[in-house]
Amino acid sequence: MTKLLVVATGNPGKLREMQAYLSDSGWELTLKPENLHIEETGDTFAANACLKASQVAKATGNWAIADDSGLQVDALNGAPGVYSARYGKTDAERIARLLRELGDEVHRQAQFVCAVAIARPDGAIALQSEGVCSGEILHAPRGHGGFGYDPIFYVPEKQMTFAEMTPELKRTISHRGKAFAALLPKLPNLEVTDC
Ligand code: IMP
């Protein structure tokens, strides 16, 4: 039995990343239809992951998986949070805005959060997980790898920013890595009767 899982993204990079996390899971991952657009209207990462998975499942009649992630800065009351992708037009603008708003604040604790949800073909949520990676916001970017806020997110235990880490190291400690690691052991228990 082929267990098809539609990924609620149009981004092939995200599909590849999820394929890597779920390579031993026995599910075959595929991109959502291009013409299917879903607005992220939730006010939590979990709510957005659930609404994306649920709507893609219902629209395609297949099992679906979605993730939603972002950066929460304590001194900014959790901003940019679910607005992380919409905080500016480019990564450089988003980083500049965050550093400007944080100013000389000494309390620079922050965390990346990732929520993942899997929905049944009828849209009901079958599984959810969340991963958190704690760190600090630097005063200036460091490192050239990764994407998004990686150059200003410093992980004290590794003495590196996300942008200074190899992709393998980032995967093992990141919010996304932890969310998928928590999901994996639960996957075999899903009742797949309708694929
Ligand atoms: P989404 O979950 O793909 O919608 O991502 C939300 C936004 O959060 C991204 O566009 C980035 O700005 C930010 N973000 C999420 N995960 C990471 C990460 O691992 N590094 C840097 N930025 C991230």
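Counting starts at 1 for both ligands and their atoms, in listed order. Model, not experiment: these values are computed from the prediction.
- Among protein heavy atoms, atom 8 (O) of ligand 1 sits closest to Ser84 CB, 3.4 Å.
- Side-chain atoms of Arg108 come within 3.5 Å of backbone N or O of Ile137 as a donor-acceptor pair.
- Below 4.0 Å from some heavy atom of Lys170 lie the following atoms of ligand 1, by number and element: 18 (C), 19 (O), 20 (N).
- Side-chain N or O atoms of Glu164 include one that pairs as donor or acceptor with a backbone N or O of Thr161 at under 3.5 Å.
- At least one N or O atom of Arg176, backbone or side chain, sits closer than 3.5 Å to an N or O atom of ligand 1.
- Within the 3.5 Å criterion, the main-chain N or O of Leu138 finds no donor-acceptor partner in the side chain of Arg142.
- Remark: minimum distance from atom 17 (C) of ligand 1 to any protein heavy atom is reached at Phe147 CZ, 3.4 Å.
- Among the atoms of Lys52, none of the N or O lies under 3.5 angstrom from an N or O of ligand 1.
- For Arg97 and Tyr87, the positive end sits near the middle of the six-membered ring, less than 6.0 Å away and at most 45° from its axis.
- Ligand 1 lies within reach of Asp150, whose nearest heavy atom is under 4.0 Å from it.
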message: Please determine whether side-chain hydrogen bond (donor to acceptor under 3.5 Å, both in side chains) holds for the pair Glu39 and His37, giving the CA-CA distance in whole Å, both sets of side-chain angles, and the decisive distance to 0.1 Å.
response: CA-CA 7 Å; Glu39 271 204 65; His37 297 289; over 6 Å; no

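- When only modelled atom types and interatomic distance are considered, Asn77 and Gln72 share no side-chain donor-acceptor pair under 3.5 Å.
- Lys32 places a side-chain N or O within 3.5 Å of a backbone atom of Leu36 that can act as its donor or acceptor partner.
- What sits closest to atom 10 (O) of ligand 1 on the protein, heavy atoms only, is Ala85 CB, 3.5 Å.
- Taking atom 14 (N) of ligand 1 as the reference point, the nearest protein heavy-atom neighbour is Phe112 CE2, 3.8 Å.
- Using a distance-only test at 3.5 Å, with no hydrogens or angles considered, a donor-acceptor pair links the side chain of Arg94 to the main chain of Gly88.
- With hydrogens left out, the protein atom closest to atom 4 (O) of ligand 1 is Asp68 OD1, 3.7 Å, a heavy atom.
- The nearest heavy-atom contact from the protein to atom 15 (C) of ligand 1 is Ser69 OG, 3.1 Å.
- Using a 4.0 angstrom heavy-atom cutoff, Gly70 counts as in contact with ligand 1.
- The single protein non-hydrogen atom nearest to atom 22 (N) of ligand 1 is Tyr149 N, 3.3 Å, given as residue, atom name and distance.
- Among protein heavy atoms, atom 3 (O) of ligand 1 sits closest to Lys14 NZ, 2.7 Å.
- Aromatic pair Tyr154/Phe162: centroids not less than 6.0 angstrom apart.
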